[in-house]
Structures are given as structure tokens and as C-alpha cells.
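Note that these values count all heavy atoms, side chains included, but never hydrogens, waters or copies made by symmetry.
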Amino acid sequence: KQLKEEVATLQKELAELASTQAEMDKIRADEKAVFEKNHPEMEQGLKGVKLALKILNDYYAKADKSHSSSEGAGSGIIGMLEVIESDFTKGITEMVSSEQMSAATYEKETKENAVEKTTKSQDVKYKTKEAAGLDKKAAELSTDVDGVKSELDAVNEYLASLAKKCTYKVESYADRKARREAEIAGLKEALDILENETAFVQTSSLRGVRKHA
């Protein structure tokens with residue numbers, strides 16, 4: 001019973017583990033999809049900002065000063081693009097770092113879940129096998145108990161019948177003595193009666209003889 005309860009608990013934990021892993025898989029897939037969509041766009045944006053900065057810097061670096069009237073505005077634009085470039089670079093770095101960390105965490109937890117799944121699955125396998133073996137043994141023992149009980153009942157019944165046939169009362173010494181004395185007294189009494197009867201017969205015979213004489 002304990003093994004079966006442990007198996008049920010393990011199976012519940014395995015089901016929860018599978019559900020957790022499925023949720024992790026979904027989250028990781030969503031995160032990866034977002035990264036694979038946004039990262040190229042960020043790279044493309046950074047590339048565009050860098051190209052714009054190059055063009056502007058090259059333009060304002062020319063020897064002729066035909067554009068001197070707009071240098072102030074150009075410097076402002078270049079400064080703004082440099083800030084945007086810095087933001088893009090920082091954003092891409094953080095995005096890549098976050099993706100790498102998420103992927104590493106996912107891989108680590110997935111491996112741990114796989115080990116846990118294998119361990120618990122083996123436990124379920126062995127405990128189920130052991131429980132089945134105990135069920136079989138219990139059934140065999142129950143059959144043996146029933147067989148032995150039947151045999152015991154038969155033996156007890158036979159002994160009871162023997163007891164009825166063979167039961168006797170063991171006489172004590174006093175009982176045996178009293179019984180023998182009673183037997184001796186009876187014999188003496190019988191002997192006295194016989195002696196008296198013999199004497200009577202003899203006396204009667206003598207009288208008859210004397211009368212005829």
C-alpha cells in the first residue's frame with residue numbers, strides 16, 4: 001500500500017514536471033521569437049544611424065565652407081545621432097545578454113528536469129514492479145493461510161473425535177483402594193452366603209437321613 005501511494009505521488013510529480021517543462025518551452029520559444037525579430041531590426045537601425053553619421057561627418061569635413069551656414073544645425077543633428085547610436089548599441093548589448101542568460105537558464109533547468117524525470121520514472125518503474133511482486137506474494141500467502149487453516153480445522157475436528165473416543169478418567173490411589181476394598185467386601189459377603197447355604201443344605205440332609213432311619 002505504501003509503495004502504491006509513493007508511485008501515485010511520483011506520477012503526480014511527473015505530471016506537474018511535464019506541465020512545468022511545457023510552460024518553460026513555450027516561454028523560451030516566445031522569448032526566442034521576439035529576440036530573432038527585434039535583434040535584426042535593432043542591428044539594422046544601428047547600421048542606419050552609423051551610416052548617417054558617416055555621411056554627415058564626411059560632409060562637414062570637406063575643405064570648402066559652402067555649408068558653413070548650416071554647421072550649427074549639422075552639429076546638433078550629429079550629436080543627436082550619436083546619442084541614438086549609443087542607445088541602440090546599449091539596447092542591442094542588453095538584448096543579446098538577456099537572450100543568452102534566458103537560453104542558459106532554460107538549458108540548465110531543462111537538464112535538471114530531464115534528470116528528475118528520469119530518476120522519478122525509474123522509481124515508478126521499480127516501485128510498481130516491487131508492489132506487483134508484493135501483491136503476488138500476498139495472494140500466495142493468503143492462499144497458503146487458507147490451506148493451512150483448512151488443514152488445521154480438519155486436524156482439530158479429528159482430535160475432537162479422538163478425544164470423545166479415548167477420553168478416560170485416571171483413578172487416584174484412594175479410588176483404586178476403595179474400589180478393591182469394595183470388591184473384597186463383596187467377595188467375602190458372597191463367600192459367607194455360600195457357606196451359610198452349604199451349611200443349611202447339609203443340615204437338612206442329615207435330618208432327612210435320620211428321619212428315614
With sequence neighbours excluded, tell me which residues meet ring-ring contact (aromatic ring centres under 6.0 Å, His included) with Tyr106. none

Give every donor-acceptor pair under 3.5 Å between a side-chain atom in residues 13-21 and any protein atom, sequence neighbours left out.
unit_1	atom_1	unit_2	atom_2	d
Glu13	OE1	Lys120	NZ	2.8
Thr20	OG1	Glu16	O	2.9
Gln21	OE1	Asn113	ND2	2.7
Gln21	NE2	Asp25	OD1	2.9
Gln21	NE2	Thr110	OG1	3.2

Greater than 12 external heavy atoms within 6.0 Å of Gln2's CD: no

Looking at residues at least two apart in the chain, or sitting in another chain, which of them share a side chain to side chain donor-acceptor pair (under 3.5 Å) with Asp30? Lys26

What distance do Ile78 atom CD1 and Leu56 atom CG have between them, rounded to the nearest 0.5 Å? 5.0 Å

Applying salt bridge (charged side-chain N to carboxylate O under 4.0 Å, His left out), which residue pairs with at least one partner in residues 150-163 are found, sequence neighbours left out? Lys149-Asp153

If you count the non-hydrogen atoms of other residues, nucleotides and ligands that lie under 6.0 Å from CD in Glu189, is the total more than 12? no

Quick check for you: to the nearest 0.5 Å, what is the distance between Ile184 atom CD1 and Leu191 atom CG? 13.0 Å

Salt bridge (charged side-chain N to carboxylate O under 4.0 Å, His left out) involving Glu183 - partner list, sequence neighbours excluded: Arg179

Donor-acceptor under 3.5 Å (Thr89 side chain, Glu85 main chain): yes

If you group Ile, Leu, Val, Met, Phe, Trp and Tyr by side-chain heavy-atom gaps below 4.5 Å, do Ile77 and Leu46 land in one group? yes

Cut-off 3.5 Å, no hydrogens considered: what does the side-chain donor-acceptor table look like for residues 125-132, sequence neighbours left out?
unit_1	atom_1	unit_2	atom_2	d
Tyr126	OH	Gln122	OE1	3.4
Lys127	NZ	Glu6	OE1	2.8
Thr128	OG1	Val124	O	2.6

At what distance, to the nearest 0.5 angstrom, does CE of Met95 lie from CG of Asn38? 5.0 Å

Running the 4.5 Å side-chain criterion over Ile, Leu, Val, Met, Phe, Trp and Tyr, what cluster does Ile27 land in, apart from itself? none

Hphob cluster co-occupancy, Met24 + Val34, side-chain heavy atoms under 4.5 angstrom: no

In Å, rounded to the nearest 0.5 Å, how long is the span from CZ of Phe35 to CD of Gln100? 7.5 Å

Please determine whether residues Phe88 and Val83 belong to a single hydrophobic cluster, defined as Ile, Leu, Val, Met, Phe, Trp and Tyr linked transitively by side-chain heavy-atom distances below 4.5 Å. no

Keeping to residues at least two apart or across chains, list the salt bridge (charged side-chain N to carboxylate O under 4.0 Å, His left out) pairs with something in residues 93-106. Arg28-Glu99

Of all heavy-atom pairs linking Leu81 and Val49, the shortest is O-CG1, 3.3 Å

If you measure from OG on Ser121 to CD on Gln11, what distance do you get to the nearest 0.5 Å? 9.5 Å

Besides Leu134, the hydrophobic cluster formed by Ile, Leu, Val, Met, Phe, Trp and Tyr side chains linked at under 4.5 Å, directly or via other members, contains Leu3

Under the side chain to side chain donor-acceptor pair (under 3.5 Å) test, which residues partner Lys90, sequence neighbours left out? none

Pairs involving residues 45-59, ordered by first then second residue, that meet salt bridge (charged side-chain N to carboxylate O under 4.0 Å, His left out) (sequence neighbours left out): Lys54-Asp58

For Glu181, enumerate each residue passing the salt bridge (charged side-chain N to carboxylate O under 4.0 Å, His left out) test, keeping only those at least two apart in sequence or located in another chain. none

